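Note that the coordinates shown come from a computational prediction; the quantities given were computed from them, not determined experimentally.
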Amino acid sequence: MQRTLLIITGWLAVALGTLGVVLPVLPTTPFILLAAWCFARSSPRFHAWLLYRSWFGGYLRHWQQYRAMPPGAKPRAIAVIILTFAISLWLVKLMWVRFLLLAILACLLLFMWRIPVVDEKQQKQ
């Protein structure tokens with residue numbers, strides 16, 4: 001029963017993480033990390049798929065090895081966050097929703113700024 005719940009939770013997290021790639025308010029990273037955690041405890045097959053065959057595999061393997069983002073990933077992630085929020089702010093007409101989006105954007109950018117990045121020297125060790 002626990003294994004089944006973990007697998008369902010893992011796939012739900014993969015789906016939400018994938019949606020988070022294009023939806024500005026929905027974060028991708030926590031959901032993908034949750035999916036990796038669930039699959040590691042419930043299904044070696046799904047865990048291997050997530051690590052080696054999905055879009056997120058390289059980032060997950062890098063995170064497992066270094067507990068940091070690969071070089072170049074942080075600027076790309078920040079650019080995508082800013083782009084999606086800019087589109088949302090342009091489309092939304094309600095002022096209170098705009099303020100809410102700006103607050104979420106500030107929190108996301110602060111979160112991204114705090115994530116460490118592995119430098120080339122660490123990767124070669």
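Taking hydrophobic clusters as Ile, Leu, Val, Met, Phe, Trp and Tyr residues chained together by side-chain heavy-atom distances below 4.5 Å, Phe31 shares a cluster with Val22. Leu26 and Leu34 end up in different hydrophobic clusters when Ile, Leu, Val, Met, Phe, Trp and Tyr side chains are linked at under 4.5 Å. There is a path of hydrophobic side-chain contacts, each under 4.5 Å, that joins Leu94 to Leu89. Under the 4.5 Å side-chain heavy-atom criterion for Ile, Leu, Val, Met, Phe, Trp and Tyr, Tyr52 and Ile7 are members of the same hydrophobic cluster.
Annotation for Trp49: atom CH2 counts as buried by contact number, over 12 foreign heavy atoms lying within 6.0 Å.
Atoms CG and SG, from Leu33 and Cys38 in turn, are 11.0 Å apart once rounded to the nearest 0.5 Å. In this structure, Ser54 OG and Ile32 CD1 are separated by 7.0 Å, a value rounded to the nearest 0.5 Å. Atom CD1 of residue Ile104 and atom CD1 of residue Ile81 lie 12.0 Å apart, to the nearest 0.5 angstrom. Taking CD1 of Ile82 as the reference point, atom CD1 of Ile78 lies at 6.5 Å (rounded to 0.5 Å). Going from atom CZ of Arg61 over to atom OH of Tyr66 covers 11.5 Å, rounded to the nearest 0.5 Å.
Looking at Thr28 and Leu19, their side chains never come closer than 4.5 Å, going by heavy atoms from C-beta outward. No side-chain heavy atom of Thr29 sits under 4.5 Å from any side-chain heavy atom of Tyr59. Here the side chains of Gln2 and Arg41 are not in contact, with every heavy-atom distance at 4.5 Å or above. Looking only at side-chain heavy atoms (C-beta outward), Met69 and Val118 stay at 4.5 Å or farther from each other. The closest side-chain heavy-atom distance from Leu50 to Val14 is below 4.5 Å. Within the 4.5 Å cutoff, no side-chain heavy atoms of Leu105 are placed close to those of Leu101. No side-chain heavy atom of Phe56 sits under 4.5 Å from any side-chain heavy atom of Leu51.
In this structure, Lys74 contributes its side chain and Ile115 its backbone to a donor-acceptor pair below 3.5 Å. With hydrogens and angles disregarded, a donor-acceptor distance shorter than 3.5 Å links the side chain of Arg98 to the backbone of Val92. Here the side chain of Arg76 pairs a donor or acceptor atom with the backbone of Gly72 at under 3.5 angstrom.
Here the two rings, on Trp37 and Trp63, have centers that are 6.0 Å apart or farther.
Among all heavy-atom pairs drawn from Gly10 and Ala35, the shortest one is O-CB, 3.4 Å. Between Leu6 and Ser42, the closest heavy-atom pair is CB-CB, 3.6 Å. Summarising the geometry of Met112 relative to Ala77, their closest heavy-atom pair is CE-CB, 3.4 Å, with the distance given to 0.1 Å.
With Phe85 as the fixed residue, the side-chain contact (heavy atoms from CB on, under 4.5 Å) test singles out one of Leu102, Val80, Leu108, Leu109: Leu108.
Using a 30° and 60° split on the angle between ring planes, Phe39 and Phe46 fall in the tilted class, from 30° to 60°.
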